[in-house]
Amino acid sequence: MTCLEPAPAVERLSDAAVVLRGFARDETAELVAAVDDITAVAPFRKMITPGGFRMSVGMINCGRAGWVTDRKGYRYEPADPISSAPWPPMPLSFRRLAASSAATAGYPGFEPDACLINLYEPGTRLSLHRDENERDLTAPIVSVSLGLPAVFLFGGNRRSERPRRILLESGDIVVWGGPDRLVYHGVAPLAAGEDPLTGGRRINLTFRKAL
């Protein structure tokens, strides 16, 4: 007789949004190594908002499209505006994880073409926003946490709605779509700590269907 690992817990935030606790726990080392390979080609950078403010979170993309922000606005581009080279390809491990987690959350057939990779250091945060630059708003958002724990802010369809505070640990995945596809969300300032894979940092992978 063999001992089976307990199935990851599904924590429902709403009819259209879930947290998959520990869904990627066994893959974190592989995922972080893939991020290292990507950033060796296209390093993290702190982008400028249309209003001229520099974001505190480091960002880079992989896949057919990449999310960027500068004085021209928020948008997706097929190539890195700094190097003019195509974004690094999305690893197979990323695509498989995004599809399987979306299916587990009730969104079968998800095929992301963009993955925004965010790098958080102690004190950095991501203010409330919503992902609305994608052409296909019928596809869900899949957000994977790696490294240090963080407090995820999950709000409503209006910025004024007070968000819930949800602690996410390495390997947790949040999936939302349907009527919650355009909810406001963010990340509270990251607390200092030490993770065996990422050190004093947190990495987040956000998968989207952009094109």
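Values below: all heavy atoms of this structure, side chains included; hydrogens, waters and symmetry mates excluded.
Nearest heavy atom pair, residue Gly200 against residue Pro122, reads O-CD, 3.2 Å. Summarising the geometry of Arg208 relative to Glu134, their closest heavy-atom pair is CD-OE2, 3.3 Å, with the distance given to 0.1 Å. The minimum heavy-atom distance between Glu30 and Ser93, with the atom names listed, is OE2-CB, 3.4 Å. Summarising the geometry of Asp131 relative to Leu182, their closest heavy-atom pair is O-CD2, 3.3 Å, with the distance given to 0.1 Å. The heavy-atom pair separating Ile117 from Ile203 by the smallest distance is CG2-CG2, 3.9 Å. In terms of heavy-atom proximity, Ser101 sits nearest to Ile173 at CB-CD1, 3.9 Å.
In this structure, Thr69 and Pro50 have side chains that are in contact, with non-hydrogen atoms separated by less than 4.5 Å. Proximity of Ile141 to Arg181: side-chain heavy atoms (C-beta onward) are separated by under 4.5 Å at one or more points. Looking only at side-chain heavy atoms (C-beta outward), Lys46 and Met59 stay at 4.5 Å or farther from each other. The shortest distance between side-chain heavy atoms of Leu168 and Arg21 falls below 4.5 Å. Put simply, the side chain of Val35 reaches to within 4.5 Å of the side chain of Phe94, judged on heavy atoms.
Environment of CD in Glu11: crowded, with over 12 heavy atoms of neighbouring residues, nucleotides or ligands closer than 6.0 Å. Surrounding CZ of Arg75 are more than 12 heavy atoms belonging to other residues, nucleotides or ligands, all under 6.0 Å away. Taking a 6.0 Å sphere around CD of Glu169, one finds it holds 12 or fewer heavy atoms contributed by other residues, nucleotides or ligands.
Under a hydrophobic-cluster definition in which Ile, Leu, Val, Met, Phe, Trp and Tyr are linked whenever side-chain heavy atoms come within less than 4.5 Å, directly or via other members, Ile38 and Met47 are assigned to the same cluster. Cluster membership for Tyr184 and Leu116, using ILVMFWY side-chain heavy atoms within less than 4.5 angstrom, is not shared. No path of Ile, Leu, Val, Met, Phe, Trp and Tyr side chains, each step under 4.5 Å between heavy atoms, connects Met55 with Leu128, placing them in separate hydrophobic clusters. Leu153 and Val174 fall into different hydrophobic clusters, where Ile, Leu, Val, Met, Phe, Trp and Tyr residues are linked whenever their side-chain heavy atoms come under 4.5 Å apart, directly or through other members. Linking Ile, Leu, Val, Met, Phe, Trp and Tyr residues whenever their side-chain heavy atoms come within less than 4.5 Å places Leu197 and Leu205 in a single cluster.
Counting only distance, with no hydrogens or angles, the side chain of Asp113 and the backbone of Leu211 share a donor-acceptor pair below 3.5 Å. At least one donor-acceptor pair closer than 3.5 Å links the side chain of Glu161 to the backbone N or O of Arg158. In terms of modelled atom types and a separation under 3.5 Å, the side chain of Asn204 and the main chain of Val144 share a donor-acceptor contact. One N or O on the side chain of Arg12 and one on the backbone of Asp15 form a donor-acceptor pair closer than 3.5 Å. At distances below 3.5 Å, not a single donor-acceptor pair connects side-chain atoms of Thr124 with backbone N or O atoms of Tyr120.
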- Message: As a quick check of understanding, evaluate side chain to side chain contact (heavy atoms under 4.5 Å, CB included) for His185 and Leu126, giving each step before the final call.
- Response: CA-CA 9 Å; His185 58 282; Leu126 198 60; 6.0 Å; no
- Query: Would Arg54 and Ile48 count as a side chain to side chain contact (heavy atoms under 4.5 Å, CB included) if you check the C-alpha gap in whole Å, the side-chain angles of each, and the deciding distance to 0.1 Å?
  - Reply: CA-CA 4 Å; Arg54 185 173 297 276; Ile48 303 295; 3.5 Å; yes
- Assess whether side chain to side chain contact (heavy atoms under 4.5 Å, CB included) is satisfied between Phe23 and Leu97, documenting all intermediate values. CA-CA 9 Å; Phe23 194 90; Leu97 178 62; 3.9 Å; yes
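From Arg95, atom CZ reaches atom CD of Glu111 across 9.0 Å, with rounding to the nearest 0.5 Å. The distance from the CG atom of Asn118 to the OG atom of Ser143 is 8.5 Å, given to the nearest 0.5 Å. To the nearest 0.5 Å, atom CZ of residue Arg96 and atom CE of residue Met90 are 14.0 Å apart. Note that CG of Leu190 is 9.5 Å distant from CG of Leu119, once rounded to the nearest 0.5 Å.
Sorted by first and then second residue, the pairs that involve residues 78-87 and meet side chain to side chain donor-acceptor pair (under 3.5 Å), not counting sequence neighbours, are Arg45-Asp80.
Between Tyr74 and Trp67, the angle of the ring planes stays under 30°, which puts this pair in the parallel group of the 30/60° scheme. Ring orientation note: the planes of Trp176 and Phe154 are nearly perpendicular, at an angle over 60° on the 30°/60° scale.
Listed by chain and number, the residues in a ring pair (Phe, Tyr, Trp, His ring centres under 6.0 Å) with Phe44 amount to none (sequence neighbours excluded).
Arg202 and Ser145 share a side-chain donor-acceptor pair at under 3.5 Å.
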